[in-house]
Amino acid sequence: MLTFLARRFISSIPVVIAVLALCFLLVRIAPGSPFAAERALDARTKAVLETKYGLSGSLPEQLLRYGSRVLRGDLGDSLKFRGRTVAEIIGQSLPRSLLIGSISFTLALALGIPLGAYAAAQHRGKGDSFFNSLALLTLSTPTFVLAPVSVLVFAFGLKLLPPAGWGTPSQLILPAFCLAIPFIGAAARLTRAGLLDTLNSDFVRAARAKGVSEASLVYRHALRPAILPLVAYAGPLAANILTGSLVIEEVFAIPGIGQFFVNGVINRDVFLVSGVVLVYCFLLLLFNLMADWLTALLDPRIRLSS
Amino acid sequence: MRLSRPAWLILGLLGVLVLAAIFGPVMSPYGVGEVSGNRLAPPDGQHWFGTDLHGRDLLTRLMYGARISLLVGLVGASISLLIGVAYGLVAGYLGGWADILMMRVVDVLYALPRIVLVIVLISLFDLKLKTLLDETFLAPFATHARLLLLFVGLGLVEWLTLARIVRAQVLTIKERPFVLSSRLIGQTTPVILFRQILPQILPIVTTYLTLALPAVILEESFLSFLGLGVQAPLASWGTLLADGASMLNPVATPWWLIVFPAVVLVGCLLLLNLLGDQLRRLDGHAER
């Protein structure tokens with residue numbers, strides 16, 4: 001098992017390197033300079049600044065310089081937020097995004113799986129088609145629609161929750177729910193499809209023939225194998241929730257990593273953008289490995305063959 | 001192809017939306033950018049959906065935005081379809097090292113945040129395309145160079161999923177006896193790819209199209225919401241929603257500026273998703 005995970009990890013490293021290099025190059029070749037703020041800089045000042053930050057010379061040279069620095073564990077300085085290193089910015093903002101993301105992720109699974117299981121048990125009944133439309137509705141409601149509407153209703157209309165900001169637990173509720181709702185629908189649909197597949201399989205028929213009750217059949221026997229597609233989906237989902245939080249952070253004024261990322265892209269803040277992308281890649285990799293591990297844990301066949 | 005009654009209903013509603021996008025702005029008594037002193041008027045008989053900060057009629061702007069949002073969806077989805085199918089076909093059929101390499105490229109692009117790709121693409125080629133168009137008979141479109149690039153850019157980032165699906169399909173199909181027989185009778189690789197294998201994967205491709213359409217519309221509104229997509233004076237559903245969201249305040253929020261764009265966008269996405277659901281049911285591999 002460990003060797004399998006290690007092999008997966010090592011084979012992903014070239015992809016991470018390629019993503020990082022591509023991202024660095026893309027931001028560098030985009031027109032507009034990170035140093036030109038309000039007015040254009042004269043050529044000499046620009047050259048001095050570029051040398052100072054290691055952005056002088058040809059693109060491959062710059063990339064090599066950046067790469068060797070990253071290998072030494074130095075993500076560089078932010079070009080826009082002067083005097084702050086990228087590592088500092090990520091260190092401050094990432095925990096906030098991770099907190100909201102993990103609450104949403106838990107919500108998505110904790111509500112999505114039982115809902116999907118219930119719908120599968122109700123298959124072809126009234127509840128099923130209602131559930132299906134509801135799941136499609138949540139999937140069709142992007143976070144950037146949900147966020148302003150929920151602020152309008154719950155913060156300003158009903159005055160139940162604070163509209164924005166960061167610091168108290170009540171300020172977490174709206175953003176976390178807005179982020180989670182589309183994923184609740186997705187998780188429920190995957191659970192339902194997986195369950196219906198397993199409910200048609202032989203071992204379930206055998207269990208039913210032995211007189212196992214329908215509820216215990218769904219929740220105790222079929223759920224474990226049925227959840228496999230969801231596990232495979234949950235890996236990228238966990239990382240996705242972080243990019244989904246981009247809009248959430250904007251609307252709710254949360255100083256998370258997404259806000260710095262968008263600003264970085266607009267300002268051509270190459271080290272900040274690349275640094276965030278690197279973190280994102282590693283999170284994606286980590287969650288995918290966890291999904292692999294969970295899959296093996298849930299499915300004995302995979303465990304044996306590895 | 002026999003459609004169920006709900007499918008006809010969905011198609012009908014979508015048709016209304018398309019008609020409103022085409023004819024609505026022409027029939028409206030107000031211009032898209034027409035400002036008036038009647039600012040932030042709530043919905044009434046004169047302005048059915050109310051007016052915005054500059055006194056512009058929201059309904060007219062929404063119908064105009066529908067043109068851009070729907071067009072982005074169609075063009076972007078078609079581009080992603082062409083690239084995804086071609087890429088997946090070639091990778092799956094060639095196999096071996098070519099396949100590994102091509103799929104690694106897809107992995108890399110998958111992990112790269114899309115907004116980086118789209119923004120760089122737009123800002124890199126914006127001016128170039130503008131000057132290029134100015135010299136040809138397409139000069140009237142030159143001012144919309146950015147929009148054209150947005151269309152293409154979204155298509156260029158959306159094809160990855162389809163490439164993976166098509167490749168997986170081709171991997172199984174190319175082992176089937178009929179492919180071997182066509183090779184035996186001396187058909188060339190392009191003929192086998194496009195005449196033998198492509199028809200086999202078409203059902204999956206049409207299903208994917210109904211998924212890609214809302215996905216591209218969503219992506220465009222997302223970028224526009226962040227201020228990175230469609231730019232003023234043009235408006236799409238995303239920019240209209242962003243305008244409304246920027247007016248959020250505890251004292252007197254003009255709710256119509258948020259609610260109507262939200263309802264239109266969610267309604268359109270929901271209809272497209274429902275249509276996709278119905279089509280998959282028709283395919284038979286989804287009555288689950």
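Quick caveat, the model's predicted, so the values are computed rather than measured.
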Run the numbers on B:Val152 and B:Leu148 for side chain to side chain contact (heavy atoms under 4.5 Å, CB included), then give the verdict. CA-CA 6 Å; B:Val152 177; B:Leu148 288 175; 5.6 Å; no
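A donor-acceptor pair under 3.5 Å links the side-chain atoms of A:Gln259 to the main chain of A:Glu249, judged by distance alone.
Neither the backbone nor the side chain of A:Arg28 comes within less than 4.5 Å of any heavy atom of chain B. In this structure, chain B has heavy atoms under 4.5 Å from both the backbone and the side chain of A:Val19. In this structure, chain A has no heavy atom under 4.5 Å from any part of B:Val105. Heavy atoms of A:Val251 lying under 4.5 Å from chain B belong exclusively to its side chain. For a residue to count as touching a neighbouring chain, one of its non-hydrogen atoms must lie under 4.5 Å from one of that chain's; by this rule B:Leu272 does not touch chain A. For chain B, the nearby parts of A:Cys23 are the backbone and the side chain; heavy atoms of each come within less than 4.5 Å. Heavy-atom distances place the side chain of B:Leu241, and not its backbone, under 4.5 Å from chain A.
Between B:Asp107 and B:Arg164 there is a salt bridge, since a side-chain N of the basic residue sits under 4.0 Å from a carboxylate O of the acidic one.
B:Phe225 has its side chain out of reach of A:Pro142: every pair of non-hydrogen atoms, C-beta onward, lies at least 4.5 Å apart. Side-chain contact between B:Trp237 and B:Pro261 is absent, with no heavy-atom pair separated by less than 4.5 Å. A 4.5 Å side-chain heavy-atom check between A:Phe261 and A:Val277 finds at least one atom pair inside the cut-off.
Between B:Trp159 and B:Tyr87, the ring planes are tilted. Angles from 30° to 60° get that label.
The greatest number of non-hydrogen atom pairs below 4.5 Å with chain B, out of A:Val16, A:Leu152, A:Val276, A:Leu195, is found for A:Leu152. Between chain B and the residues A:Leu26, A:Val27, A:Thr141, the largest count of heavy-atom pairs under 4.5 Å involves A:Leu26. Contact count against chain B (heavy-atom pairs under 4.5 Å) is highest for A:Pro148 among A:Pro148, A:Cys281, A:Ala147. Note on B:Ser221, B:Pro214, B:Gly276: by heavy-atom pairs under 4.5 Å with chain A, the leading option is B:Ser221. By number of non-hydrogen pairs under 4.5 angstrom with chain A, the leading residue of B:Val266, B:Leu109, B:Leu271 is B:Val266.
Shown here for B:Met103 and B:Ala91, the closest heavy-atom pair between the two residues is CE-CB, 3.8 Å.
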